[in-house]
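Below: the structure, in structure tokens.
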Amino acid sequence: MVNLELSEQEIIRRQSLEELRKLGIDPYPAAKYEINASSKEILTKFDPEKNNFQEVTIAGRIMKRRIMGSASFVELQDNGGKIQVYFKRDNICPNEDKTLYNTVFKKLLDIGDIIGVKGNVFITKVGEISVNVAEFTILSKSIRPLPIVKEKDGKIYDAFSDLDQRYRQRHLDLIVNPNVKEVFVKRTKLTNSMREYLNGKGYLEVETPVLQPLYGGAAARPFKTYHNTLDQTLYLRIANELYLKRLIVGGFDGVYEFAKDFRNEGMSRFHNPEFTQMELYVAYKDYNWMMDTVEEMVEKIALDIHGETEVQVGENVINFKRPWKRITMFEAIQEFTGIDISTMDEKELLATANKLKVPVDETMGKGKLIDEIFGEMCESKLIQPTFITDYPIEMSPLAKKHRSVDGLVERFEAICNGKEICNAYSELNDPIDQRERFEEQLVLGKRGDEEAMVLDEDFLRSIEYGMPPTSGLGIGIDRLAMIMTNSNSIQDVLFFPQMRPEKKALKDDNSSYTEIGIPEEWIPIIQKAGYVTVSSLKETSPGGLHQKLCGTNKKHKLGLQNPSQDDVKNWIENIK
RNA sequence: GACUCAAUAGCUCAGCUGGUAGAGCACAUCCCUUUUAAGGAUGGGGUCCAGGGUUCGAGCCCCUGUUGGGUCACCA
């Protein structure tokens, strides 16, 4: 029986599927299909002089079909690109029986099907490198139509651009939008390049717990979960800093981790609830050394991805060539506002913030005020990669006090395209100081700061045994990927960004319909007519419904015995 | 979370002051000899996001909701 929920095109494809089976063709064969070439290889290496690629086997998805009488062209898309494939009736069907071409190829194949073809490479009259098919194999029949995207000279027509659908159905996005794959390939190049750099320095890639009894290492609200056996609340990590430091205490000189972190906060084009951060800790180093490292590493990444240090990001060209500018936070504020705040007390800072129209309130301490002024007046204006150094101590409970300036810590962030891409310190290894800093956070927490850090006794115990002076770094992989791929939103560099659940219309199940006397076979037709719940039928006029049902029966050639008007009337009367 | 814009065929989109639901591609049928966004002809396809309201009449106006985009707030 015809499924009334399917579109016409889906019904036709399901019928084609059955036709194939009737012809003895398995639309989903089990056997492996051995390919010996790819579209990319053929297009780059085919040479008519050499006459190479004369026995190729390739496989891919049909993306376009141009069918003429006894000769046709198909665009086949595989992992690396697309290639034109030429089907000629008498090549495919050398004998009398032309079914394989006339029926299987022309009628039963569709855009979206995955096929394998064997043949030889040649150049068509129009000059396009193509595969001349000798035989083809259906590898997977597609029963849902793809969006059709057309392209000419790099210009895309009817692009599949609905963001909701692109993110919810990333597979579709990847199939029909060629640039999307490229973004994710670059993202992987980025992490490969970074890993290669870190391994080259001899640092050890490690894994630390995602489920943590206490969340620490950053200021953020966590996701909370529960372990039954331990009868214990656990948190998804917001950072892995405190665990990596324990490993430094344990005697590793350099450790790093590509970590999925989770923060239960707002979403935006820069924020996804789960995101990736690379954290690195190296013993016997300080934050100056770490700036050298970040510069060198990110410059290498740009070179590995783009072959040059300049990267186009929106309207800006960003140059990652070393050395990057290094200025203190105070200097940056002076540069953008002309005001030297380095010696101001809290009162003066508040007055300055008000004068600059930076939104602040009385609860903010000195550090927070400085941070607000910087965030408001400077950050978005820093386009080229810049290290901002020496942050107020109040904002950085895990960073070491500045070696020469009171009230500051040895911390830097790299800002690029107006956004922070990394955060690093000379790590605090004085256990007494660390305990005091945690206690200050506790006070903040009691005052209602939901993001204040919690005191981690176990971590404190570990550094009481002695942690070497260490420099630590956290670098946002998604943010860096956005810059390196010229993406405007974090959702464009995550395969499956977090989305609200799709709503589904609630349907009554079949028994609710049969209860009021509706035969099983009429339920889909009634639902198709818009009555997905029995109660929605209550106010319906029986005559109108009867008309509708008989009409659908006729239109879709369902061949059902129409109910009488009295039947329909009885159904509606039976509704409680 | 606040404000704002949007949702119409499988896809991309029109739809006038409120008066019979439209186009291109895709799909189907027929013709066809190497085509390039696509050869020609004909045809089928719609819960106009959902639910209320105003109206003789709603895709369009009003209200509520759903989902998405943008800006802001929190944050990396």
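Throughout, a chain's letter reflects where its sequence line sits, starting with A, and its residues are numbered from 1.
Summary of the strand contacts: A:Gly69 and A:Ser161 both lie near RNA chain B, and taking for each the nucleotide with the nearest heavy atom, the more 5' one is attributed to A:Ser161. Nucleotides of RNA chain B nearest to A:Ala218 and A:Gln498 differ in position, and the one nearer the 5' end is that of A:Gln498.
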With salt bridge (Lys or Arg N to Asp or Glu O under 4.0 Å) as the test, would you mind laying out the steps for A:Glu372 and A:Lys368 before giving the verdict? CA-CA 6 Å; A:Glu372 287 295 319; A:Lys368 185 79 180 158; 3.6 Å; yes
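Put simply, the side chain of A:Thr124 and the base of B:rU35 share a donor and an acceptor less than 3.5 Å apart. Side-chain to base pairing of A:Gln84 with B:rU35: one donor and one acceptor N or O lie within less than 3.5 Å of each other.
Within 4.0 Å (heavy atoms only), A:Asn272 reaches at least one base atom of the nucleic acid. Residue A:Glu274 is classed as having no contact, given no heavy-atom separation below 4.0 Å to the nucleic acid. Counting any heavy atom pair closer than 4.0 Å across all strands shown, A:Glu420 reaches sugar-phosphate atoms only and no base atom.
Here the P atom of nucleotide B:rA76 and the CD1 atom of A:Ile388 are 16 Å apart, to the nearest Å. B:rA28 atom C1' lies 6 Å from atom CD1 of A:Ile12, rounded to whole Å. Remark: C1' of B:rU12 and CD1 of A:Ile148 are 11 Å apart, rounded to the nearest angstrom. In this structure, A:Met499 atom CE and B:rG68 atom C1' are separated by 7 Å, rounded to whole Å. The interatomic distance linking A:Met395 (CE) with B:rC74 (C1') rounds to 12 Å, in whole Å. Rounded to whole Å, atom P of B:rA9 lies 13 Å from atom CD of A:Gln9. One can place CG of A:Leu109 at 16 Å from P of B:rA26, the figure rounded to the nearest angstrom. In this entry the distance linking CZ of A:Arg144 with P of B:rC11 reads 10 Å, nearest Å.
Taking 4.0 angstrom as the limit, A:Arg65 places none of its side-chain polar atoms (N or O) nearer than this to OP1 or OP2 of B:rU35.
Under the 3.5 Å distance criterion, the side-chain polar atoms of A:Glu241 are left unmatched by any main-chain donor or acceptor of A:Gly216.
Nearest to the side chain of A:Phe122, among B:rU34, B:rA26, B:rG68, sits B:rU34.
Note: A:Phe387 and A:Phe412 have perpendicular aromatic rings, judged against thresholds of 30 and 60 degrees for the angle between ring planes. Under the 30°/60° scheme for interplanar angles, the aromatic rings of A:Tyr256 and A:Phe258 are found to stand perpendicular.
Taking atom C1' on both B:rG69 and B:rU54, the two are 30 Å apart, rounded to the nearest angstrom.
In this pair, A:Phe275 lays its aromatic ring flat on the base of B:rA76, centres within 5.5 Å and planes under 30 degrees apart.
In summary, A:Asp492 and A:Arg269 do not engage in a salt bridge, as defined by a charged side-chain N under 4.0 Å from a carboxylate O.
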